[in-house]
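Here is how names work: the chains are called A, B, and so on, in the same order as the sequence lines, proteins then strands, and each is numbered from 1.
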Amino acid sequence: MKTVSSPLLVLKSVSKSWREFQIKDVNLEVRRGEYFVVMGPTGAGKTLLLQLIAGIHYPDSGKIILDDVDVTYLPPERRSIGYVPQNYALFPHMLVKDNIGYGLKIRGYSKNKVEEEVQEISVKLGINHLLERMVSTLSGGEQQRVALARALIIKPKILLLDEPLSALDPETREEIREYIKEIRKILKFTAIHVTHDFVEAVDLGDRMAVMFNGEILQVGEPIEIINNPRNELIASFTGAKNLFKGKVIARRGELAEIDLGGVRIYAATRKLGEVMVAIRPENIVILLEKARISARNILEGIIEEISEKPPYISLKVDAGLPFTVYLTRNALEDLNLTVGKRVYLAFKASAISVF
Amino acid sequence: MRRVENLFLTFSILGSVIVFALLAPMAIIFFMTNPIQIGEALMDLEILNALLTTFTAAAMATFSALIFGTPLAYVLARKDFALKNLLESLMNVPLAIPHSVAGILVLLAYHSRSSIGEILSRIGIVVEDSFWGIVVAMLFVSAPIFISSARSGFSMVDETFEHVARTLGAGHFKTFFTVTLPLAFRSIVSGIIVTWARAVSEVGALLIVAPYPKSIALLVIERFEAFGLSAAIPITALLLLIGIIVVLTLNYISMR
């Protein structure tokens with residue numbers, strides 16, 4: 001029986017070995033309307049996982065249930081899945097509008113109907129000025145939008161995005177993240193988004209799964225997993241240290257004052273309201289005195305732990321919030337740092353990612 | 001003064017030798033004849049018939065290579081199977097043997113009293129001294145060229161395009177005809193032209209399998225042997241012109 005509460009997609013003990021990639025006994029549930037992020041390092045099998053769900057490969061064992069139907073061995077054309085591969089794979093021999101309309105044309109829609117629907121989705125996605133263009137003339141961000149339109153026009157049950165932002169420059173990446181959030185509000189699709197970037201996971205994901213070596217190691221809310229990784233392995237490649245929730249309380253031009261729950265910092269962002277803040281451990285400088293330096297943020301704290309993190313030394317510093325700082329062995333010896341010592345953490349407003 | 005690098009100077013001089021060696025024969029033939037003689041050659045009924053026979057037989061051989069070679073090329077490009085490399089190598093053997101040898105192989109296998117030839121003759125295909133013999137001999141020596149051209153064309157089409165087309169609702173066949181084939185189109189077309197040109201240029205195999213009906217390359221030999229060099233010149237110039245047109249067309253297609 002179809003119920004609203006049943007998960008949209010269920011993977012039951014799915015295993016597959018293909019070339020050098022592997023999926024090992026994966027169990028996964030994606031809820032209706034959910035934006036689900038799969039995060040893992042290169043070679044973890046993320047793309048293969050998407051291709052199994054799309055039907056491009058069939059599993060060696062296990063079951064895939066989509067919308068209460070067993071689709072394990074159904075060919076891709078009968079699954080109703082939107083797939084946006086890493087390189088977007090826009091058909092180079094067709095105009096943008098023919099790319100977007102491809103799925104409907106294949107379904108035998110009349111020419112007028114295809115044109116009408118292409119217009120409609122292009123307006124919604126803000127790409128109707130691109131329709132007559134050749135694919136080869138599009139920028140990365142434009143290609144991404146067209147690929148999304150082509151996948152979404154068939155009203156797929158689920159949208160699969162394979163590292164959708166990795167080919168873009170950092171600015172476009174942020175723009176497309178916001179864009180995905182916007183079109184989600186309009187089109188309300190369910191999606192699986194594969195990435196190795198924790199910023200995407202936290203910013204976009206309702207829930208996320210961490211994948212390593214073909215196995216799912218942890219599933220949960222992104223911020224939960226990143227702040228409480230189940231083991232060292234997960235911690236090592238979710239890679240997010242110094243990730244905090246905060247709120248913009250004041251701003252002066254490009255500069256925002258952000259309250260992280262007692263600790264206040266300044267960051268370069270145009271965002272307002274609730275935000276996430278990440279500071280890379282290697283971008284924090286340790287000072288012994290509260291010196292006058294150019295860094296906008298200087299926090300006082302006490303060293304709680306010193307450990308090896310080749311090629312760095314890792315410090316845990318309590319500065320009202322738990323900070324992780326990486327420094328070189330030379331710096332550690334020069335500053336004569338020990339556990340319990342009082343230090344100052346300095347970092348620039350521009351070294352902070354806000355999202 | 002601009003300095004000419006020694007390496008390029010030396011290499012250009014050496015390169016000129018081969019340019020001269022290849023271009024001289026092609027140029028000289030046009031000084032030995034004139035447009036009127038070439039025009040007369042085009043009015044010669046025997047030449048016209050031979051040209052017609054050669055071009056249509058080459059077209060049929062090419063068409064057969066297209067119809068049966070394209071699917072093979074696609075399978076070779078996309079699937080791995082046992083002995084695939086061996087099969088691919090064997091498909092290229094016709095390019096590595098003397099054409100007279102190719103002719104003997106074809107004749108042995110397909111002549112009307114052979115077991116395969118007997119079946120073929122029941123559907124009206126007899127190879128000895130027949131138009132079909134020319135087609136089969138041409139196919140044997142030229143199809144490998146089409147297959148490798150189409151195969152490399154398909155290999156260059158990123159499979160991801162096909163994956164996306166499938167998820168968008170296109171079945172295997174629709175995906176092949178709407179995405180794969182158009183993207184491999186250039187390789188297919190240049191494969192067709194080179195295969196056709198190779199078939200037209202065949203002599204050795206035709207001499208053994210089907211000297212009659214007379215094909216154009218055999219007619220050139222016949223004229224040369226019966227009437228001497230000068231009698232073969234207009235028809236030679238004509239065939240060279242056709243060859244130049246084919247190569248330039250090919251070049252134009254691959255530049256686009």
Can you give me the closest heavy-atom contact between [X] and [Y], atom names plus distance?
| X | Y | value |
| --- | --- | --- |
| A:Y102 | B:T178 | OH-OG1, 2.6 Å |
| A:P75 | B:R166 | CB-NH2, 3.7 Å |
| B:F161 | A:F91 | O-CE2, 3.4 Å |

Problem - Sub-4.5 Å side-chain heavy-atom contact between B:T160 and A:N87 - result: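 Of all side-chain heavy-atom pairs linking A:N87 with B:T160, at least one is under 4.5 Å.
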
If you count every heavy atom of other residues, nucleotides or ligands that lies below 6.0 Å from [X] atom [atom1], does the total exceed 12?
| X | atom1 | value |
| --- | --- | --- |
| B:E5 | CD | no |
| B:W196 | CH2 | yes |
| B:F55 | CZ | yes |
| A:Y58 | OH | yes |
| B:F20 | CZ | no |
| B:F173 | CZ | no |
| A:K157 | NZ | yes |
| B:Y110 | OH | no |

Nearest 0.5 Å, what's the [atom1]-[atom2] distance between [X] and [Y]?
| X | Y | atom1 | atom2 | value |
| --- | --- | --- | --- | --- |
| B:L168 | A:I153 | CG | CD1 | 10.0 Å |
| B:T167 | A:L160 | OG1 | CG | 8.0 Å |
| B:L181 | A:H93 | CG | NE2 | 9.5 Å |

Measuring heavy-atom distances to chain B, does [X] have an atom under 4.5 Å in its side chain, in its backbone, in both, or in neither?
| X | value |
| --- | --- |
| A:R150 | both |
| A:Q86 | neither |
| A:R107 | side chain |
| A:L90 | backbone |
| A:A151 | backbone |

Exercise for the section: Determine the interplanar angle of the A:H57 and B:H163 rings, folded into 0 to 90°, and report it as parallel if under 30°, tilted if 30 to 60°, perpendicular if over 60°. Expected result: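 Geometry flag for B:H163 against A:H57: perpendicular rings.
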
